[in-house]
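Computed over heavy atoms, backbone and side chain alike; hydrogens, waters and symmetry mates excluded. As the structure is a computational prediction, the values presented were derived from the model and not from experiment.
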Number of protein chains: 2
Amino acid sequence: MEGREGKDIENNEGGAMAMPVAVGGEEEGEGRGVMERNGVGGGGSGFFYEEEDKEMGMREPLLRRRTMNTTSQLAIVGANVSPIESLDYEIVENDLYKQDWRSRRKVQIFQYVVLKWTLALLIGLGTGLVGFFNNLAVENIAGFKLLLTNNLMLKERYREAFLAYAGCNLVLAAAAAALCAYVAPAAAGSGIPEVKAYLNGVDAHSILAPSTLFVKIFGSIGGVAAGFVLGKEGPMVHTGACIANLLGQGGSRKYHLTWTWLRYFKNDRDRRDLITCGAAAGVAAAFRAPVGGVLFALEEAASWKGAPFKILLTVTISLLTSCCSYGLPWLAKCTRCPLDLDQCPTIGRSGNFKNFQCPPGHYNDLASLFLNTNDDAIRNLFSSGTDNEFYISTLFVFFAAIYFLGIVTYGIAVPSGLFIPVILAGASYGRLVGTILGPMCALDKGLFALLGAASFLGGTMRMTVSVCVILLELTNDLLMLPLVMLVLLVSKTVADSFNRGVYDQIVTMKGLPYMEAHAEPYMRNLVAGDVVSGPLITFSGVEKVGNIVHALRLTGHNGFPVVDEPPFSDAPELCGLVLRSHLLVLLKGRRFTKDRVLTGPAEVFRRFGAFDFAKAGSGKGVKLQDLDINGEEMEMYVDIHPITNRSPYTVVETMSLAKAAVLFRELGLRHLCVVPKTPGRPPIVGILTRHDFMPEHILGLFPQFKHHM
Amino acid sequence: MEGREGKDIENNEGGAMAMPVAVGGEEEGEGRGVMERNGVGGGGSGFFYEEEDKEMGMREPLLRRRTMNTTSQLAIVGANVSPIESLDYEIVENDLYKQDWRSRRKVQIFQYVVLKWTLALLIGLGTGLVGFFNNLAVENIAGFKLLLTNNLMLKERYREAFLAYAGCNLVLAAAAAALCAYVAPAAAGSGIPEVKAYLNGVDAHSILAPSTLFVKIFGSIGGVAAGFVLGKEGPMVHTGACIANLLGQGGSRKYHLTWTWLRYFKNDRDRRDLITCGAAAGVAAAFRAPVGGVLFALEEAASWKGAPFKILLTVTISLLTSCCSYGLPWLAKCTRCPLDLDQCPTIGRSGNFKNFQCPPGHYNDLASLFLNTNDDAIRNLFSSGTDNEFYISTLFVFFAAIYFLGIVTYGIAVPSGLFIPVILAGASYGRLVGTILGPMCALDKGLFALLGAASFLGGTMRMTVSVCVILLELTNDLLMLPLVMLVLLVSKTVADSFNRGVYDQIVTMKGLPYMEAHAEPYMRNLVAGDVVSGPLITFSGVEKVGNIVHALRLTGHNGFPVVDEPPFSDAPELCGLVLRSHLLVLLKGRRFTKDRVLTGPAEVFRRFGAFDFAKAGSGKGVKLQDLDINGEEMEMYVDIHPITNRSPYTVVETMSLAKAAVLFRELGLRHLCVVPKTPGRPPIVGILTRHDFMPEHILGLFPQFKHHM
């Protein structure tokens, strides 16, 4: 369902339409609306309505009230444009839930807890194994590649050496790119923005799909082994999240891996928790930094919260990278190896000193950085007590090349992490500064490199605590803690005064509707009623089947307000909110009544268990086309009270939009009901969803606030 | 104000009364209420009302509707029973706020940011200096005491030695106790529960008062130097918070330290941020563990969070402690000093080996633990490569004694931390286990001690990440990280299956109305309307001065709903919420009108600046008795629209209480308006406050849920 819906433009989670209808009744006159029957909602339960501008201190052309929320329901996941849905973190408190909750025994709760811990353990184990396999594969492939190149160079067959080197890189790069392009485009890039958005409440079928997991693992290996200036950290975070999702949703029907005893976790809240664990496990596996991993997940997850072209591009950049790594070292002059070193150049293994074109007993310091795995290059830069290992010129060339390559590489369609490039650039920058300051400063050059890396990380990721701990866990030296913290603080503060963190920016670029922790200032000048957009479709407590089916077919809304009306209440009142997925399950049950009567929950309990309404995995669950309802049944009625969430969160239409946004974000909502302030009006004005809080939507309605940006 | 109010039983933040009045109008009949004039609210703006039980699926005797929330407005702060108030974290969006917000220029925002960073810096600096001073004082006083005792014992004058030792302890203990008893009882104990509660939204005048700060510092020095089994960590956290509060509220008028440029921070939100920094600085200063400090604050603050007898008790326990520390070592047998040690016993300085009663060249291992500062004792227990330093019997006796003394000591009225006792007990326990396992296990005994300390900390504090980092920063060895994490995980899990963390329990014992992160299960069976309690006092948009003064005098409510009525609206509608403190400022301004007319915001802007309404420090601000309003003015009217918060958070009366609690806690609210579900009713049913979510209140109304506990 989610998959299909996304295509049509009307698809937002819900919403409220307002049409310019005959204004009647009240004194305030202008803007105060009246109720009309809604052809779609049917059963006298749909409203067209126009809200009053009295409180909002501004007059807007009524035109905008006619607009619908046309913000894109599509976002870029990896390199793939895919429809997005919101996640249901809110507990749906309907009769079924209450009944199921009452029926839960202590033993079941204990079972649930044990299962959750077990799953966390499995996630950690799985991610750890993948990380181990990753490192093993990269080390071997890259090692073989470098060994081959070295041996050829020792025989002074430089052309063959380059061809071998560039060739290996090309093959690996092409393979990785092909996987991303044809198997799972969603696996391209770092993946951290996607995970961030998911934990913020944005879902897309492909974000954590098994195919994404597969490509993420092997694409990452290929990309890193191909010598690109990219890291495996981001991909590992995404991998961990994928593994968690795979286990969390009880495996995958598509791949015939399902466990029934995992049904407890068929809801978005538990999945969110597990995926947070997965992300943490990913960082831990990538950096071997467990505490940092936990913190990374906490800082990030704090939310609650044309293929051939791609391959061509990747191949081009691979070629460019190969040329840099192989070509630039020719500019460096040879250095005599330190005497204490047993064998130099270090042949037949990836190590500190490469002799490249130099005579025996000499080494090429630039080659020692370029013709190495990224990890070894970082180790070289961080190495202490080797103050004279690198020339200033070398460090400058390396810094410039890595900085440039890192920027152009991130865009390519292979799983690519940002940490390693940033650390490489930062470390070389730091060591460069250290070498320049050398005469007047006794500090070790390796420390400078570390601080440089810290500053770049702080300025890019803007995550101070976790980056700090990760660096400490990497270097295992707590004594430089104060220095690292200071550097991080300064770099973050300076960077913050210019723009937002790199992941936030990528999230925005990808068009993922991310809810910021803080409301935009201009939202204070608006009220909730200003941004609700249509059409609003409501159901009455006992609704005609035809109307429901019609509404489900006509719109992509995922939440519908349920309004009780005479004879079930003496005046129209908001009963609650019903979810599309629940309606579909209810309709599939085909328990309908000839007349408009309350059947009560008992009937539903008899027919369904609570788990029939449990949230299926992304892209699964009952689809509209699965329903086979005949014309006769279309005329019958169904009582939707038992599946109605009786306690939806509501705000008054005059609530400041800023405060409504805080409420929405803090509680991780999907639907927020907007209720009228004044009496004698329809009991619901509209529904606010994630998309209604997006700047592009609001600024589209109120262009005058653009200058506030 | 806060100080006085607390006394009267009616004082809750607000509330809704319901009296059994003539039931009228609606079909549902039973329970559906009608509006009545409220003698207190006056001006036709007060309602008595009785809410409908239709949705709640249970019938309760109407009697309970008559009850008021009689939960205690008093809590134990330190050793002092003091009235408590809630903090206003919610942004009061009234006309003044909006106007002030619009008037803010970029430069002012920049100034604000710079100020906040500067304050954070000063807080860190101040706390660091206090910590340094603390350690210096303790080291010197305790050092002198131990040196004196040692020298006397070397002269074999054991009785004098004991008298000197016990005497010093007595004097120090009595001094600390006297400070706590007579100057600031609020400074007794750890202080972490108080800080936790403050960050959760509970305020008491004395929690962070300057006098508390003073006593916290010197009382802590006395207590630790007196050789009690207690730590200085908790007190340091409290000290940091006090310093932050002192700076945050622009100094203290009482002590003539005020800066006008700090007015930006005269609100509870900024104070909360600064006090969180202060708490973190406190931990950092106590443990020299900056990252751990930050994490500690995050884990803890994640909220949004009869004198002579006392002295006698303290003196008794001091005597008991002295007897244990001096008496028990006599049971231990002497050990020959290791040959590698240059001088043994280490005379004239606090060190590893005390020879106590032993002949030269020998040492008493029990004395080496007891007759030492706590820090040195811990260092001894953690020391590696000294596997045979302590006998099993020694470790057992020490563990038992410390465990017992730690328990009895925490209650005494001196600033007392829990960390050191727990670490001491844990370390001795761990080393004991290690020594027992000695033959079959090659691991170092010091590592066992560390793991033991970790397990005790995890089981007591239940803070895994921060404790882990603190321990690592203490030992500066990251290689044992996995082991420590495992131990913490196990201990926390085991402990969680029995009870809540020690600080949570103390918070409950002290009667601080702490909002738990998760709602109690039985709340799912209740709706918001079930727990609102009276009396509800509402004002109309333009209210008679007399009514306001009367209401303020009669009740201690801090928030009053404002209801617009004809002619200002065509039907009664909820305009917003007005705070007591704002009303007092407005009334003090004495701008009243003869007739009931809207004066509009302009008048208020002319008379007041936004900072006139800024929240004054705890216990400050305009008091009711400061108002001098004559009889004539009592009959005049005042327009309270400009100071009314137009966007109060609201829930429908049928909202599940559990979800209302989550809303309340997540947004850090003080007042939550409950609005009616059905039309044709007064626009507000009542107000929920922190106290209405407290188990004792709810279970008082619904005793049948007690078995759910």
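The OG atom of A/Ser647 sits 9.5 Å away from the CZ atom of B/Arg524 when rounded to the nearest 0.5 Å. With rounding to the nearest 0.5 angstrom, the NZ atom of A/Lys677 is 6.5 Å from the CG atom of B/Leu574. Here CZ of B/Arg665 is found 11.0 Å from CD of A/Glu666. Values are rounded to the nearest 0.5 Å.
Counting heavy-atom pairs closer than 4.5 Å to chain A, the top-ranked of the candidates B/Pro648, B/Ser656, B/Ala528 is B/Ser656. The candidate from B/Met485, B/Met655, B/Lys659 with the greatest count of non-hydrogen atom pairs under 4.5 Å with chain A is B/Lys659.
Using a 4.5 Å heavy-atom cutoff, the side chains of B/Leu667 and A/Leu663 are in contact. Contact check for A/Thr654 versus B/Glu573: no side-chain heavy atoms found under the 4.5 Å cut-off. At least one side-chain heavy atom of B/Tyr649 sits less than 4.5 Å from a side-chain heavy atom of A/Val662. At a threshold of 4.5 Å between non-hydrogen side-chain atoms, the residues A/Val652 and B/Arg646 do not count as touching.
Only the side chain of A/Leu489 comes within less than 4.5 Å of a heavy atom in chain B; its backbone stays farther off.
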